[in-house]
Amino acid sequence: MNNKALFTCALLVSLTGCKSTQAEEPQNATLTRVNPGVITEIQQAIQSAKGGPLVTLADNVFTKSAELLIDHGTNKGPDGLPIMGAHSIPSEKFVLQKAGEQCQLYYPKKELRVPLPNVECEAE
C-alpha cells in the first residue's frame with residue numbers, strides 16, 4: 001500500500017472515531033410512560049432547576065408536547081381582584097429532551113439540563 005492510500009485510510013478512521021464520540025444533540029421529546037414515580041421525578045427536577053416548592057403537574061404532562069409552561073398563581077386582594085402587577089410575572093418554560101438514550105429536563109431561563117434517569121421518552 002502506498003503512503004497516500006495509507007494516509008487516506010488513517011484520516012478516514014480518525015474522522016469516523018471523532019464523529020462517534022461526539023455527544024448527540026438533544027432533541028425535544030415526549031414521555032412514553034407516565035406513572036406517579038415519573039411525575040415525582042419531573043417535579044423534583046423542576047424544583048431543582050428553579051427553586052421553590054414542588055409544582056403540581058397533570059397526569060399527562062409531556063405526553064402530547066415537549067414543552068411545559070408553568071404560570072405563577074395570581075394573588076388576590078381583600079376585594080377578590082388580582083393584586084396590581086401580580087399577573088405580569090412571566091411563565092416558566094421547561095422542555096423535555098432526549099440526548100442519546102438519556103431523558104432530561106431543559107430549563108432555558110438558566111440554560112440548565114437536569115437528567116431524568118428513571119424517565120422514558122422518545123424524540124419528537
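Remember, it's a predicted structure, so these values are computed and weren't measured experimentally.
A 4.5 Å side-chain heavy-atom check between Val34 and Ile39 finds at least one atom pair inside the cut-off. Residues Gln104 and Val114 have side chains not in contact (no heavy-atom distance under 4.5 Å, counting atoms from C-beta outward). Counting only heavy atoms from C-beta outward, the side chains of Leu112 and Leu105 never approach each other to under 4.5 Å. Side-chain contact between Gln27 and Gln97 is absent, with no heavy atoms from C-beta onward closer than 4.5 Å. In this structure, Ile42 and Leu31 have side chains that are in contact, with non-hydrogen atoms separated by less than 4.5 Å.
Ser91 is linked by a side chain to side chain donor-acceptor pair (under 3.5 Å) to Asp71, counting only residues two or more places apart in sequence or in another chain. The side chain to side chain donor-acceptor pair (under 3.5 Å) test applied to Lys93 returns Glu67, not counting sequence neighbours. Not counting sequence neighbours, Phe62 has no partner by the ring-ring contact (aromatic ring centres under 6.0 Å, His included) test. Under the ring-ring contact (aromatic ring centres under 6.0 Å, His included) criterion, Tyr106 pairs with no residue, sequence neighbours left out.
The hydrophobic cluster analysis finds Leu54 isolated: no Ile, Leu, Val, Met, Phe, Trp or Tyr side chain comes under 4.5 Å of it, directly or through other members.
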Can you give me every donor-acceptor pair (side chain of residues 115-124, partner residue at least two apart or in another chain, under 3.5 Å) with its distance?
| unit_1 | atom_1 | unit_2 | atom_2 | d |
| --- | --- | --- | --- | --- |
| Glu120 | OE2 | Arg33 | NH2 | 2.9 |
| Glu124 | OE2 | Ala66 | N | 3.3 |

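Side-chain heavy atoms closer than 4.5 Å link hydrophobic residues (I, L, V, M, F, W, Y) into clusters, and following such links, possibly through other members, connects Leu96 to Val55.
Of all non-hydrogen atoms in Pro26 and Arg113, the two that sit nearest each other are CG-NE, 3.7 Å.
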